[in-house]
Protein chains: 2
Amino acid sequence: MTTETPRRQPTLDEVAERAGVSRSAASRVINNAPHVSRAKREAVRRAVDDLGYVPNATARALATQQAGSVVLAISGDDPGMFADPFFAEVVVGVNSVLEETELELMLSLATSSRGQARLEQLLRTRQADGVMLMSLHGDDPLAALAANASVPVVFGGRPLNFEPRYYVDADNRGGARLATEHLVAAGRRRIATITGRLDEGAGMARLQGFQDALAVAGLDNTLVENGEFREDGGSIAMTKLLDRAPDLDAVFIASDQMAIGALRVLARAGRDVPGDVSIVGFNDITSARHTEPPLTTVNQPIHALGREMARMLLALMSGDQPSPLILPTQLVIRSSV
Amino acid sequence: MTTETPRRQPTLDEVAERAGVSRSAASRVINNAPHVSRAKREAVRRAVDDLGYVPNATARALATQQAGSVVLAISGDDPGMFADPFFAEVVVGVNSVLEETELELMLSLATSSRGQARLEQLLRTRQADGVMLMSLHGDDPLAALAANASVPVVFGGRPLNFEPRYYVDADNRGGARLATEHLVAAGRRRIATITGRLDEGAGMARLQGFQDALAVAGLDNTLVENGEFREDGGSIAMTKLLDRAPDLDAVFIASDQMAIGALRVLARAGRDVPGDVSIVGFNDITSARHTEPPLTTVNQPIHALGREMARMLLALMSGDQPSPLILPTQLVIRSSV
DNA sequence: CTGAAAGCGCTAACAA
DNA sequence: TTGTTAGCGCTTTCAG
């Protein structure tokens, strides 16, 4: 502890003066650079302690041309979408690796035109040294932005229209396939699916995985309804499916949210789950354990997704050229099918 | 659109030169300052467009001594605690007001000693102009940090040991009282409670609200067990309560998470909810709608909490002295008691 | 209204 | 191993 009420943060010059050395010497000591005698080094250290010196991050940033921070940007069209617990867990993953560095984390919710403009500004004014960009939609203007950004960009998930150079994604297609195969293996033959938004990479990939599995099994794959990834969308889609194919005996649903909506419709329709109709969801959200019956679903490693995005960005920032990463998903069986 | 591949961001000097004016004039135009002739003003504007000039945020920050960002810090002892959807919604609220400003949002998860040190560093190096600090525990070292920080600090929730000067809180005590009164009004007489962590302001306030209501009703208030705000804690506490008071007919549970755990125990014990035992939770998390039966609970305005924290911080930063705020909570009745 | 000049606090190239 | 000297890019007095 030093002075209780430091009027002003001491500057490097003051440290240098107090230690009786030049400013550059002080600077070297503080940055653990070589070419400083033991004696001076200690004098500076002492002065730093005495004065309670802390280097001014902004000044350093200006001199080194490095902001000292990275940004996690969530793109989308709904300002409330970040409330999805999914992102919170990504943040924890990201933080777990940033914590070991000196980099600060900025959060940019580019979920409105104003938000997107701000992100663009953030990047152009060089307030961040790198970007992690999540949840791109089909025609997302941010894709372009990312392409000619002057800092490294890693994508979380793959957008539909192009394959980013650097990304981390969950194996959505594989997971959907797994889920559907599980249904097939259980003897189900009339299998439908409720898809998520098909203008998102994840939504499309899950549909493809579903189709992959049915193709192999030689089953009909035309029982498809879109639920937009929303709970009420799931209800509506389930209603339509029941209408179109009263004899369906299983549904692969591209998100647990939608599955919850669908379960409600099934219950109301008097169908027993999983007796009459088997259901498999996707995401393994917390609620999935508390539905009736507990939901069989596909778990994706969200924490790892965040962690690997951050790792990849660090690699990029230090000049490496990491390979894209696809993280495995796995089936969590809750209600026996 | 301008040059496709700008080698380097243009500087203010380049703009000035191109416009044929002094750098100070250019600076004034860019900051909408007065004392610039119409002609020059337009010349500068044109130059800015032509060159695609964007001011360098770091340089500006150094000159103005303002970082241009604020930080939302979550303190605690569990690195995963941010995964609680609660925080995600706070973030959305905070963002909704920051979006209208030029301020960037930094996120600091001070949930480990390393994280706390980093937050401290962040503040000392002046990388942020203000702090929103959430979820302080009883002996949280960050309280002190906040006290003598050189930037404005607003608290989200009130810590136990001291009353911050500026805070936004939900009416936890009032909500708990409401919940308990609801139980009393339903004719319940043997009412227990499962508390959250009592070293947190919210945990303690909810216990007090419970006691308030029972005191008024003149009922016994000794049926208290601690569940630490965790699902398994709720199960354990419920088991103990059933043991201590097999005749209990209602439980006020300080979080929905714990309520979910408790419900499971009750079901296993063959107690009908709400027939034999009435339950009221707290927080109104998404899962609360999907329990069996749907959970009656206390909703707190999380989005508003974030929004008001941000507003208060802005007020503080502009020199005002806002009053603390307590946001109302309300009962959400799902399963008839 | 206008521009010159002096910083903001730190880093880094270059001589010594 | 040292210290001197320029910057980094922008803002802001202060004379004119």
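Protein chains get the first letters and strands the later ones, always in sequence-line order, with residue 1 at the start of each.
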(request) Using a 4.0 Å heavy-atom cut-off, write out nucleotides 5-12 of chain D from 5' to 3' as B (base contacted by protein), S (sugar-phosphate only) or - (no contact). (result) BBBBBBBB

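One can place NZ of B/Lys40 at 7 Å from C1' of C/dT2, the figure rounded to the nearest angstrom.
Among B/Val97, B/Val91, B/Val90, B/Val92, the single residue meeting the side chain to side chain contact (heavy atoms under 4.5 Å, CB included) criterion with B/Val94 is B/Val90.
Bending across the helix from C/dC1-D/dG16 to C/dA16-D/dT1, expressed as the angle between its end axes from five pairs apiece, amounts to 40° (10° rounding).
Using a 4.0 Å cut-off between a side-chain N of Lys or Arg and a carboxylate O of Asp or Glu, B/Arg45 and B/Glu42 do not qualify as a salt bridge. Remark: A/Glu102 does not engage B/Arg118 in a salt bridge, criterion side-chain N to carboxylate O under 4.0 Å.
Note on ring orientation: taking the six-membered ring where Trp is involved, the planes of A/Phe155 and A/Phe162 are perpendicular (angle over 60°, cut-offs 30° and 60°).
When the shell of 6.0 Å around CZ of A/Arg158 is examined, it contains more than 12 heavy atoms from other residues, nucleotides or ligands.
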(request) Report the C-alpha separation of A/Arg23 and A/Glu17 in whole Å, then their side-chain angles, then the decisive distance to 0.1 Å, and conclude whether the salt bridge (charged side-chain N to carboxylate O under 4.0 Å, His left out) test is met. (result) CA-CA 8 Å; A/Arg23 180 160 26 116; A/Glu17 183 178 3; over 6 Å; no

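Between B/Ser96 and B/His303, the closest heavy-atom pair is OG-CE1, 3.9 Å.
Looking only at distances, no side-chain donor or acceptor of A/Asp320 sits under 3.5 Å from a matching main-chain atom of A/Pro322.
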